[in-house]
Amino acid sequence: MKRLLLATAMLLVPLAAARAETVLNIGMAAADIGQIDPHRATSTQDKPVVSWVFNGLVRFKPGSASLESLEPDLAESWDKSADGKVWTFHLRKGVKFHGDWGEMTAEDVVYSFKRAGDAKTSSFAADYSVLESIEAVDPYTVKFTLKKTVPAFLGIVANYHGGNVVSKKAAEALGADFRVKPVGTGPFQVTEYKSNESLTFGANQNYFRGKPKIDRIVYRFIPADASRDLAFSSGELDVVYGRQDQRWVDRFSKEPNTVVQALKPAELSLLHINTTMKPLDDLRVRKAIAYAVDRQQLVGFKGPAVNPPAVSVVPSGYLGTDEKAELIPTDIAKAKALLAEAGYPNGLEIKVVQTSLPTMLASMQILQGQLKKAGIELKIEVVDHQSWHAQIRKDQSGLVYYAAARFPVADVYLRQFFHSDSIVGKPTAVTNFSHCANADAEIDAAAVETDVEKQKALWKTAQKKLIDEVCAVPLFEGLQVWAYKTDVDWGYKLDGAIHLGPVVTELTTKK
Amino acid sequence: MIRFVIKRLLVAIPTLWAVLTTVFILVRVVPGDPTMVILGDQASEAARAALREKLGLGKPILAQYIDFMTQVLHGDLGRSLATNRPIVDDVLAVLPWTIELTLASLVVGAVIGIPLGVLAAEKRDGFADWFARIFSLAGVSFPAFVSGILLLLAFSVELRWFPVISTAKSDDWFGRLRALVLPSINLGLLMVAYVTRVTRSGMLQALGEDYVRTARSKGLGRRLVVWRHAFPNVLVPVVTVVGLYLGVLIGNAVLTEIVFNRPGIGKLIVTALNQRDYTLLQGLMVVSAFAIVIANILTDLTYGLVDPRVKTA
């Protein structure tokens with residue numbers, strides 16, 4: 001009996017201690033953090049974290065994924081020259097970096113953007129190649145001069161990717177360690193890192209918007225889907241990264257005290273067609289593929305709540321997306337006729353390399369079934385994810401199924417997936433798997449067009465050309481799925497998550 | 001004894017060398033490289049090439065191999081390609097967790113498996129025997145991730161006795177012990193299965209021997225006959241199985257660690273593999289191979305303890 005009492009007491013002591021502070025437990029589908037250096041953070045598990053630790057000159061309104069919601073962050077106000085090439089930002093005064101790294105000044109801003117523009121220290125250097133110069137006019141004023149105008153310049157100085165402002169002193173002093181000991185100005189700071197286990201954040205008592213209501217965030221890495229779900233059900237997690245799966249959403253919506261949300265930005269799934277490989281170099285064959293794909297059936301299978309149908313070759317909701325683009329409809333008879341016309345009356349066979357990641361593989365298998373109806377046989381070779389990444393960059397797959405979200409401007413998506421500079425195999429290669437170059441002129445012209453309407457028209461033409469040439473078949477979009485307990489109050493309306501996860505602000509709390 | 005250990009360690013050197021070389025070649029034969037993890041999929045090919053150069057992946061394979069071997073000989077496992085942290089730190093951070101889990105599973109395996117095996121042999125074809133045989137068959141054939149999830153559903157979600165996330169601060173001993181229960185049962189079930197089977201068949205044989213009949217005919221009690229006369233003869237095969245399956249246990253620890261969210265070598269290996277973190281993977285293989293060699297030596301030494309006829313000197 002004594003022992004039992006002792007055991008109970010030991011159980012209760014930590015509980016009592018925990019009640020004194022507000023802790024937000026978040027479960028993420030990853031084995032470990034990638035990097036929290038904001039200029040390097042590219043994976044899904046890294047991005048939400050960056051938004052808790054850093055600020056930009058402007059920020060996406062918490063809970064939004066739209067460029068139209070940008071509002072002042074470290075900069076209180078800004079002016080733009082008439083030609084749109086010179087931008088002057090007036091910084092907020094008295095903003096302190098985490099720890100003892102001092103006040104944030106123009107010097108840190110200049111350093112940050114130079115760092116973000118350097119390929120040696122940044123994964124987003126290309127976004128900043130447009131900067132002619134950046135200078136600190138005085139400790140609270142920064143002037144950017146551009147080589148040419150860019151679509152949505154405020155977007156690249158926002159709290160996203162390279163736009164996050166780091167402490168110059170800390171980044172220089174910590175060097176390589178900065179990636180797990182980042183120093184920013186945000187509401188939370190990293191206090192403990194356990195590799196393959198968790199990252200703990202403490203409230204930044206000096207946060208310029210006020211002291212956060214949450215004392216601690218424990219961000220746990222739980223790669224096994226089932227375990228993550230169970231930890232949420234057992235109450236060990238307040239917030240959990242969900243699955244892009246209708247059944248998951250349906251099941252979790254029924255859990256008590258649980259909110260499930262599917263958030264933008266959408267990850268667009270496209271079926272890229274390699275236009276240089278035989279027989280895919282024949283437009284009729286590519287059109288036949290497009291006619292054979294049944295978008296509605298795919299969406300029906302994946303679930304419309306998390307996977308709405310694609311609208312174009314650019315994700316919906318981006319600046320410049322043609323939301324009503326004319327897509328090729330499903331028509332098996334037409335697909336067969338086109339194949340016959342191209343000299344394949346008995347159908348044909350295409351070699352495809354696909355990743356073993358379950359959700360991506362399942363989509364490809366549905367496509368395999370759909371294309372078979374038109375006489376197109378997909379020979380799918382399944383390889384592990386990293387091998388797949390390597391092989392599709394070596395033209396080893398006729399069709400490349402690729403899902404991606406990018407900065408919400410049509411320019412970025414079009415440039416990375418359909419501009420000739422990005423064709424795989426080139427030194428400047430990014431992810432142009434189709435080898436299409438037919439929309440280069442429009443993409444380049446739109447990038448420097450200052451008239452917003454003309455710019456949108458150019459992007460629209462580019463999308464039409466790419467769809468007509470069947471460089472890629474738009475399939476569906478995948479939203480970011482998160483579940484959280486009803487006692488979590490974000491402190492804002494959660495409609496979108498540009499950082500792929502909810503932002504934890506100074507106002508976020510647990511009721 | 002010391003000479004024996006040294007001899008065994010020397011014999012292990014070619015084994016370790018072969019393991020390392022195989023791992024070195026294997027990780028480089030599979031396509032994919034760590035730049036995808038470090039730079040993400042938006043980086044240009046030029047940036048990737050620059051990083052590969054910086055990480056030393058641009059060097060000829062042979063030069064990389066020589067570098068790697070020299071490093072290992074100096075006891076330096078290098079730094080992780082993906083995180084740039086010293087590999088020794090990463091390994092040491094999770095090693096106690098893996099050792100703790102493995103030992104606890106061994107204990108579970110022995111404490112349940114041995115009595116069950118003995119009982120099954122004694123009551124051959126009786127209820128206890130059938131139970132033990134079905135139980136051990138289930139233990140071997142049940143994948144660790146299925147049994148793990150069942151355990152979690154029952155004891156963590158429904159009963160709330162144990163946490164789903166089996167991590168606790170290292171100074172919180174009670175919490176750590178509580179977090180260890182389910183994973184060690186899960187991993188231990190496999191061990192129970194093997195131990196039960198070997199104990200049962202060994203005991204069946206021993207119980208049929210002349211000396212057991214003699215002991216019985218002398219009027220010795222059941223307990224004395226089974227545990228003092230028959231059982232010691234079963235210890236050698238049991239120790240062999242335990243030693244042999246220590247490797248299997250480390251392999252299965254991967255699944256258990258993932259399902260129960262425990263840090264550990266197994267989980268680290270999977271991360272390293274997914275990230276194509278060659279150096280980390282190599283480092284982990286050095287540690288794992290070494291652990292198995294040590295386990296084998298310990299097994300051999302234990303023979304001497306359980307069977308006086310075996311001389312280790």
Side-chain angles (χ1 to χ4, degrees), chain A residues 7 10-11 14 25 27 31-32 34-35 40-43 119-120 123-126 176-177 179-180 194-198 220-224 226-228 230-237 383-391 393-394 404 406 412 416 421-422 424-431, chain B residues 30-34 36-51 54 79-80 82-85 89-90 93-94 97 145 148-149 152-153 156-158 160 163-167 172-175 178 255 257-264 267-268 270-276:
Chain A
M10 282 170 87
L11 261 174
N25 286 292
D32 201 353
Q35 357 210 354
R40 280 290 190 208
T42 49
S43 1
K120 287 195 213 70
S123 296
F124 314 108
D177 279 346
R179 65 169 78 195
V180 285
K194 288 185 177 170
S195 93
N196 283 276
E197 195 181 322
S198 63
R220 293 190 181 279
F221 307 111
I222 311 181
S227 320
R228 204 167 56 248
L230 290 175
F232 183 75
S233 301
S234 75
E236 285 165 62
L237 296 175
V383 297
D384 86 285
H385 198 62
Q386 288 300 329
S387 305
W388 171 77
H389 264 304
Q391 292 187 19
R393 283 168 175 76
K394 288 179 188 147
R406 291 290 177 261
V412 178
Q416 292 189 5
D421 285 347
S422 308
V424 291
K426 287 190 175 184
T428 51
V430 191
T431 41
Chain B
V30 274
D33 68 48
M36 193 60 70
V37 174
I38 300 171
L39 297 177
D41 65 346
Q42 299 191 45
S44 69
E45 194 45 48
R48 280 184 213 293
L51 182 64
K54 191 182 154 203
R79 278 171 178 268
S80 153
T83 65
N84 199 34
R85 281 193 303 264
D89 290 3
D90 273 6
V94 297
W97 290 88
F145 54 90
I149 287 168
L152 283 177
L153 267 174
S156 302
V157 177
E158 286 305 318
R160 310 253 164 139
V164 177
I165 302 170
S166 303
T167 56
D172 173 13
W173 284 105
F174 178 72
R178 193 166 156 247
L255 293 172
E257 280 165 6
I258 288 174
V259 173
F260 291 92
N261 307 300
R262 280 178 67 87
K267 204 172 157 196
L268 207 56
V270 175
T271 314
L273 196 61
N274 283 334
Q275 301 189 329
R276 292 291 190 271

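Computed from a predicted model, the values in this text were never measured in an experiment. Convention: sequence-line order gives letters A, B, ...; per-chain numbering from 1.
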Q. Distance from A:Ser195 atom OG to B:Leu268 atom CG, nearest 0.5 Å?
A. 6.0 Å

Q) Where is the tightest heavy-atom contact between B:Arg160 and A:Ser234, given as atom of each residue plus distance? A) NH1-O, 3.1 Å

Q) Hey, which of B:Pro163, B:Ala93, B:Ser156 has the most heavy atom pairs under 4.5 Å with chain A? A) B:Pro163

Q: Enter the distance from B:Arg48:CZ to A:Arg393:CZ here, rounded to the nearest 0.5 Å.
A: 5.5 Å

**Q.** Which atoms of A:Phe221 approach chain B - backbone, side chain, both or neither, heavy atom under 4.5 Å
**A.** backbone

Q. With respect to chain B, which residue among A:Thr428, A:Val412, A:Asn196 yields the maximal number of heavy-atom pairs within a distance under 4.5 Å?
A. A:Asn196

Q. Between A:Ala125, A:Ser387, A:Ala390, which residue shows the highest count of heavy-atom pairs closer than 4.5 Å to chain B?
A. A:Ser387

**Q.** Euclidean distance, A:Arg179 CZ relative to B:Arg85 CZ, rounded to 0.5 Å
**A.** 9.0 Å

Q: Go through the structure and list residues passing salt bridge (charged side-chain N to carboxylate O under 4.0 Å, His left out) with A:Arg406, not counting sequence neighbours.
A: B:Asp41

Q.
Looking only at heavy atoms and a cut-off of under 4.5 Å, which of A:Leu230, A:Thr42, A:Asp177 has the most pairs with chain B?
A. A:Leu230

Q. At their closest point, which heavy atom of A:Arg220 faces which heavy atom of B:Ile165, and how far apart are they?
A. CD-CD1, 3.2 Å

Q: Side chain from CB out, backbone as N, CA, C, O: work out which of these in A:Ala231 comes under 4.5 Å of a heavy atom of chain B, or both, or neither.
A: both

Q: Could you give me the CA-CA distance, side-chain angles and deciding distance for A:Leu237 and B:Val164, then say whether side chain to side chain contact (heavy atoms under 4.5 Å, CB included) is met?
A: CA-CA 10 Å; A:Leu237 296 175; B:Val164 177; over 6 Å; no

Q. Given a strict heavy-atom distance threshold of 4.5 Å, which part of A:Asp421 is in contact with chain B: side chain, backbone, both, or neither?
A. neither

Q) What part of B:Arg262 lies closer than 4.5 angstrom to a heavy atom of chain A: side chain, backbone, both or neither? A) neither

Q | Least distance between heavy atoms, A:Lys426 atom then B:Glu45 atom | A | O-CB, 3.2 Å

